[in-house]
Amino acid sequence: MSKKEFVNLSSVVAGIEPRLQLKYVPAFQRASKNGQVDSVPVEKTFAVRGSSFREHVVLNDARFQSWHLKALKDIELRAVRGAVAYEDDLKSGEVDFLSLVEQYRKNVKRTKTRGKPRKPRLGEAVTDTTQTAENAKPDRSEITAAAGP
């Protein structure tokens, strides 16, 4: 039986470029939950740029190494460059072009609909048309006249 090699998540994260570290840990956690990598959480925690994460012991096999390289490539592509795919991957057929088109369109539509409603500008003020003379507040002169001297 061959001896299995284990590595701590914190040591893997320490070897990553600092600008990618905060994106890598949640991607790793999703991959661990989905069964893409084999890992077990342990009692320790580690910090990355002020955020605390649970330490994991990871089986450092070919499957993990493959996922690790792909994850770094995806994080770098999306987080740093703002692109959806590498040109070579699209041309080689490694990624599905049509699914990326749909994903891109959804993201563009979502960013257009985000945001706070703006305040009305001068001349666009909304008027309340429900107030009539019958239910209007009385003038100050009407109040003093009704109360007497």
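Side chains are part of it too, since the values below use all heavy atoms of this structure and drop only hydrogens, waters and symmetry mates.
Evaluation of the side-chain hydrogen bond (donor to acceptor under 3.5 Å, both in side chains) rule for K33 yields no partner, not counting sequence neighbours. The side-chain hydrogen bond (donor to acceptor under 3.5 Å, both in side chains) test applied to D96 returns S99, not counting sequence neighbours. A search for ring-ring contact (aromatic ring centres under 6.0 Å, His included) contacts involving Y24 returns W67, H68, not counting sequence neighbours. By the side-chain hydrogen bond (donor to acceptor under 3.5 Å, both in side chains) test, Q65 pairs with N60, sequence neighbours left out. For E5, there are no salt bridge (charged side-chain N to carboxylate O under 4.0 Å, His left out) partners at least two apart in sequence or on another chain. Contacts of S11 classified as side-chain contact (heavy atoms from CB on, under 4.5 Å), with partners at least two apart in sequence or in another chain: V7, N8. Partners of E55 according to the side-chain hydrogen bond (donor to acceptor under 3.5 Å, both in side chains) rule, which considers only residues two or more places apart in sequence or in another chain, are S10.
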Determine all donor-acceptor pairs shorter than 3.5 Å in which one atom belongs to a side chain in residues 39-48; sequence neighbours excluded.
from, atom 1, to, atom 2, distance (Å)
S39, OG, S32, OG, 2.7
S39, OG, H56, ND1, 3.2

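A salt bridge (Lys or Arg N to Asp or Glu O under 4.0 Å) check over residues 62-72, counting only residues at least two apart or in different chains, returns the pairs D38-R63, K70-D74.
Taking Ile, Leu, Val, Met, Phe, Trp and Tyr as hydrophobic and joining them when side-chain heavy atoms fall under 4.5 Å apart, one finds L69 isolated, its cluster having no other members.
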Practice task
May I have the step-by-step check of side chain to side chain contact (heavy atoms under 4.5 Å, CB included) for I16 and I75, ending in yes or no?
Solution key: CA-CA 11 Å; I16 297 173; I75 292 168; over 6 Å; no
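Residues F53 and L9 have side chains not in contact (no heavy-atom distance under 4.5 Å, counting atoms from C-beta outward). Residues V58 and F6 are not in side-chain contact: their nearest non-hydrogen atoms beyond the backbone lie 4.5 Å or more apart.
In the hydrophobic clustering of this structure, L72 groups with V13; members are Ile, Leu, Val, Met, Phe, Trp, Tyr whose side-chain heavy atoms approach within less than 4.5 Å, directly or through other members.
Taking all atoms of both residues into account, the shortest heavy-atom contact from E76 to R19 is OE2-NH2, 4.4 Å.
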